[in-house]
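Down below is the structure, laid out as structure tokens.
First listed ligand is number 1; within each ligand, the first listed atom is number 1.
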Amino acid sequence: MRVDVVTIFGEYLQPLSLSLIGRARSQGLLDLRVRDLREHTHDRHRTVDDTPYGGGAGLLMKPEPWGEALDAVLDDPPPGAREEGPVLLVPGPAGEVFTQRTAVELAAEPWLVFACGRYEGIDARVAEHYATRVRVREVSLGDYVLNGGEVAVLVVVEAVARLLPGVVGNAASLTEESHAAEHDGLLEHPSYTKPASWRGLDVPPVLAGGHHGQVARWRRDQALRRTARRRPDLLARLPVERTDPADRAVLAEEGWVPGDDGRFRPTPAAVAD
Ligand code: ADE
């Protein structure tokens with residue numbers, strides 16, 4: 001996969017040289033290129049920002065350097081690029097929320113381009129213009145505000161690159177995680193390693209019992225309970241038809257019962273908690 005990142009703070013992306021992502025780059029699985037937006041300014045101060053029309057706090061990024069920088073990236077496609085070009089990702093708090101589903105979609109692409117905004121973001125015409133030429137996705141990490149898109153690039157590249165073949169050694173570790181589709185979008189169960197007893201806390205005996213069926217049942221129960229307590233929004237999306245009677249008994253203990261729409265809903269008592 002080829003990834004181009006346009007930014008005024010290339011140093012922010014240095015962590016992408018470390019660990020599994022760094023290794024994927026040296027093995028040629030990931031061709032990550034960081035490009036400096038300021039190379040596409042033409043004034044003495046290498047200006048990339050200006051005040052917003054209509055007033056308001058802060059500065060916006062000007063469209064001209066972005067146009068030049070992104071044109072230069074699009075003029076330099078990787079060998080396997082699609083006819084429709086790359087996906088242009090623009091991180092920002094007003095984007096669609098980035099999820100594991102987004103990561104899976106992006107991992108199927110041969111080419112991603114990131115435009116890192118700073119200040120109050122980028123003049124809206126940049127996304128509007130490039131949407132006529134490539135697929136543009138504005139993505140948000142969540143409901144909070146960062147200083148710029150660089151941290152989001154770290155997050156998105158890590159989440160996507162680890163799905164590429166050969167980047168993570170053990171393929172099973174991908175499907176056994178929280179948010180993996182194979183686990184119905186539930187949170188992952190807790191995990192333990194040796195020693196069996198630590199600071200007065202014992203590993204749940206079922207895990208050392210060697211009975212695979214019982215281990216699987218215990219893990220499923222834990223995943224359901226955790227999701228009910230921590231992420232009711234995820235549990236509300238679990239289809240009742242994806243559950244067995246044991247699942248439903250555990251969920252009833254957590255205060256969740258099947259509703260008429262084929263999804264679970266919290267009982268009034270559970271909502272009051
Ligand atoms: N830039 C600023 N805030 C952001 C957010 N929440 N997600 C992605 N990029 C951002």
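Nearest protein heavy-atom contact of atom 3 (N) of ligand 1 is L146 N, 3.0 Å. Among protein heavy atoms, the minimum distance from atom 6 (N) of ligand 1 is reached at Y144 O, 2.8 Å. With respect to atom 10 (C) of ligand 1, the closest heavy atom belonging to the protein is G92 CA, 3.5 Å. Nearest protein heavy-atom neighbour of atom 7 (N) of ligand 1: L141 N, 2.9 Å.
The atoms of ligand 1 that sit less than 4.0 Å from any heavy atom of S140 are 5 (C), 6 (N), 7 (N), 8 (C). Close approach of ligand 1 to V139 (heavy-atom distance below 4.0 Å) involves ligand atoms 8 (C). Close approach of ligand 1 to A152 is summarised as follows: ligand atoms under 4.0 Å from at least one heavy atom of the residue are 8 (C), 9 (N). Applying the 4.0 Å criterion to heavy atoms of G142 picks out, from ligand 1, the atoms 6 (N). Which parts of ligand 1 touch G148 is read off a 4.0 Å heavy-atom cut-off, strictly below it: atoms 1 (N).
Electrostatic pairing of R217 and D247 counts as a salt bridge here, judged by a charged N lying under 4.0 Å from a carboxylate O. A salt bridge is defined here as a Lys NZ or Arg NE, NH1 or NH2 lying under 4.0 Å from an Asp or Glu carboxylate O, and R162 with E177 meets this definition. Under a 4.0 Å N-O distance rule, the pair E96/R101 does not qualify as a salt bridge. Ion pairing between R82 and E109 holds under the 4.0 Å rule for side-chain N and carboxylate O.
For the ligand labelled ligand 1, residue D143 lies outside the 4.0 Å heavy-atom shell.
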Residues D36, R38; criterion salt bridge (Lys or Arg N to Asp or Glu O under 4.0 Å); working and verdict: CA-CA 5 Å; D36 184 3; R38 288 197 204 273; 5.3 Å; no
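For the residue pair H42 / E68, a side-chain donor-acceptor distance below 3.5 Å is found, with atom types taken as modelled.
When the options T7, D76, V113, V5 are evaluated for a side chain to side chain contact (heavy atoms under 4.5 Å, CB included) with R35, the one that passes is D76. With respect to W66, the side chain to side chain contact (heavy atoms under 4.5 Å, CB included) criterion is satisfied by exactly one of V48, V6, V90: V6.
In terms of N/O distances under 3.5 Å, ligand 1 is not approached by V145.
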